[in-house]
Amino acid sequence: MARHKEFDQEQALDNALDLFWTKGFERTSMQDLCTHLGIHRGSLYDTFGDKQTLFLACLDRFQHNSDEQYYYILNEEGPPKEVLERFFAKVVDYSMNNLTSRRGCFMTNTAVEVGVSDPVVASRVESYFIYVETLFFNFLLRAQKNGGIKGRHNLRALARFLATTKQGLHVVAKTARDRSVLEDACKVALSVIG
């Protein structure tokens, strides 16, 4: 008779994400996961599969959480520059927040750590970056249609620039002591909008 899982799978996934984000994929062992999640190895395998499968689920969870943290702002009404100001301010707040332990972006950390050594993970990270670029591109398209952006830039290139700026903010926030370092980068990014 199968045992009933006696743990909250969503909470366990959040806890696994926290551990992977703090230690990275390579430095996190299955025993680390069992200890951190408070789950027996068999239950962990039965519920989430192997370490890579759990890690991929954590990457998906991170993307979902990012939507709730700040990407939703790109769908808000208002002048494009003001919307982007709110967006980047939220990214800076999140990145500089002690609750995030200044760990940077989980996806960017994964790209640097695992990169091309794991094609499945690399593909998932690339999909995330394309997703972020698409969010910015759709934002810019709406803004252009509403007359909020002049046509001097290629919107796809501008979306890539904004996505790269956002990812860079997370990296710089890992070591920057002065918030103005990130805010200066945001001002320059906003200046290309108009």
Side-chain angles (χ1 to χ4, degrees), residues 9-37 39 41 44-74 87-88 90-92 94-97 100-141 154-176 182 185-186 189:
Q9 291 182 32
E10 297 296 311
Q11 186 60 53
L13 191 56
D14 285 338
N15 291 343
L17 169 57
D18 180 65
L19 185 62
F20 280 129
W21 197 350
T22 300
K23 292 184 74 171
F25 178 76
E26 295 296 334
R27 291 187 356 219
T28 302
S29 69
M30 284 302 285
Q31 186 56 51
D32 293 335
L33 287 162
C34 291
T35 301
H36 191 74
L37 277 60
I39 300 171
R41 189 177 294 257
L44 189 63
Y45 279 111
D46 288 346
T47 305
F48 297 110
D50 63 8
K51 182 173 126 176
Q52 184 189 36
T53 304
L54 175 56
F55 188 72
L56 292 171
C58 289
L59 290 172
D60 293 341
R61 182 70 160 200
F62 176 81
Q63 180 172 333
H64 172 78
N65 292 348
S66 296
D67 286 343
E68 293 178 351
Q69 288 293 333
Y70 36 73
Y71 288 130
Y72 70 89
I73 296 171
L74 295 176
F87 174 81
F88 281 122
K90 187 78 166 182
V91 170
V92 170
Y94 183 77
S95 296
M96 298 290 289
N97 188 324
T100 63
S101 304
R102 295 176 148 213
R103 297 179 290 185
C105 171
F106 183 51
M107 289 289 184
T108 302
N109 295 352
T110 299
V112 172
E113 179 195 8
V114 181
V116 296
S117 67
D118 186 327
V120 175
V121 172
S123 176
R124 189 68 55 95
V125 172
E126 181 184 31
S127 293
Y128 172 78
F129 290 146
I130 291 169
Y131 170 75
V132 173
E133 175 190 317
T134 301
L135 291 173
F136 278 111
F137 182 72
N138 290 337
F139 164 77
L140 293 169
L141 269 179
N154 173 296
L155 293 187
R156 181 60 66 186
L158 187 53
R160 289 177 177 150
F161 169 74
L162 293 171
T164 302
T165 300
K166 181 259 174 197
Q167 293 308 124
L169 292 172
H170 290 302
V171 173
V172 173
K174 290 176 84 165
T175 58
L182 279 73
C186 293

*Can you find a pair of side-chain heavy atoms, one from Tyr71 and one from Gln63, that are under 4.5 Å apart?*
no

*About how many Å separate OG of Ser95 and NZ of Lys166, when rounded to the nearest 0.5 Å?*
7.5 Å

*Does any non-hydrogen side-chain atom of Arg124 lie less than 4.5 Å from one of Asp60?*
yes

*With a 4.5 Å limit on heavy-atom distance, are the side chains of Leu59 and Tyr128 in contact?*
no

*For the pair Lys51 (side chain) and Thr28 (backbone), establish whether a donor and an acceptor sit closer than 3.5 Å, ignoring hydrogens and angles.*
yes

*Answer whether the closest heavy-atom distance between the side chains of Leu13 and Cys58 falls below 4.5 Å.*
yes

*Enter the distance from Leu19:CG to Leu54:CG here, rounded to the nearest 0.5 Å.*
9.5 Å

*How would you list, by chain and number, every residue that makes a ring-ring contact (aromatic ring centres under 6.0 Å, His included) with Phe20, sequence neighbours excluded?*
Phe55

*Can you name the residues that form a side chain to side chain contact (heavy atoms under 4.5 Å, CB included) with Tyr45, not counting sequence neighbours?*
Met30, Arg41, Asp50

_Residues in ring-ring contact (aromatic ring centres under 6.0 Å, His included) contact with Phe136, at least two apart in sequence or another chain_ = Phe87

*With sequence neighbours excluded, what pairs up with Ala111 under the side chain to side chain contact (heavy atoms under 4.5 Å, CB included) test?*
Val125, Phe129

*At their closest point, which heavy atom of Ala16 faces which heavy atom of Leu33, and how far apart are they?*
CB-CD2, 4.1 Å

*Sidechain-backbone polar pair: Asn109 side chain, Gly104 backbone, donor-acceptor under 3.5 Å*: no

*Check for a donor-acceptor pair, side chain of Arg103 on one end and backbone N or O of Asp18 on the other, with a separation under 3.5 Å.*
yes

_With Val172 via side chain to side chain contact (heavy atoms under 4.5 Å, CB included) - residues at least two apart_ = Ala176, Val181, Leu182

*According to the side chain to side chain donor-acceptor pair (under 3.5 Å) rule, which pairs have a member within residues 111-120, sequence neighbours left out?*
Gln52-Asp118

_Less than 3.5 Å apart, any donor N or O on the side chain of Lys174 or His170 sitting next to an acceptor on the other?_
no

*Among all residues two or more places apart in sequence or in another chain, which pass the side chain to side chain donor-acceptor pair (under 3.5 Å) test with Gln167?*
Thr108

*Sequence neighbours left out, what pairs pass salt bridge (Lys or Arg N to Asp or Glu O under 4.0 Å) with at least one residue falling in residues 27-36?*
Lys23-Asp32

_Check: Thr165 side chain, Phe161 main-chain N or O, donor-acceptor pair, under 3.5 Å_ = yes

*Asp67: what forms a salt bridge (Lys or Arg N to Asp or Glu O under 4.0 Å) with it, not counting sequence neighbours?*
none

*Under the side chain to side chain donor-acceptor pair (under 3.5 Å) test, residues paired with Thr134 that sit two or more places apart*: none

_Set out, in order, the CA-CA distance, both residues' side-chain angles and the distance that settles side chain to side chain contact (heavy atoms under 4.5 Å, CB included) for Phe106 and Leu17, then state yes or no._
CA-CA 9 Å; Phe106 183 51; Leu17 169 57; 3.3 Å; yes

*Who pairs with Lys90 by side chain to side chain contact (heavy atoms under 4.5 Å, CB included), at least two apart in sequence or on another chain?*
Tyr70, Tyr72, Ile73

*Can you find a heavy atom in the side chain of Val171 that is under 4.5 Å from one in the side chain of Val112?*
no

*Name all residues meeting the salt bridge (Lys or Arg N to Asp or Glu O under 4.0 Å) criterion together with Arg61; count only those two or more places apart in sequence or in a different chain, and write none if there are none.*
Glu10, Asp14

*Look up atom CG in Leu162 and atom CG in Leu135, then write down how far apart they are to the nearest 0.5 Å.*
11.5 Å

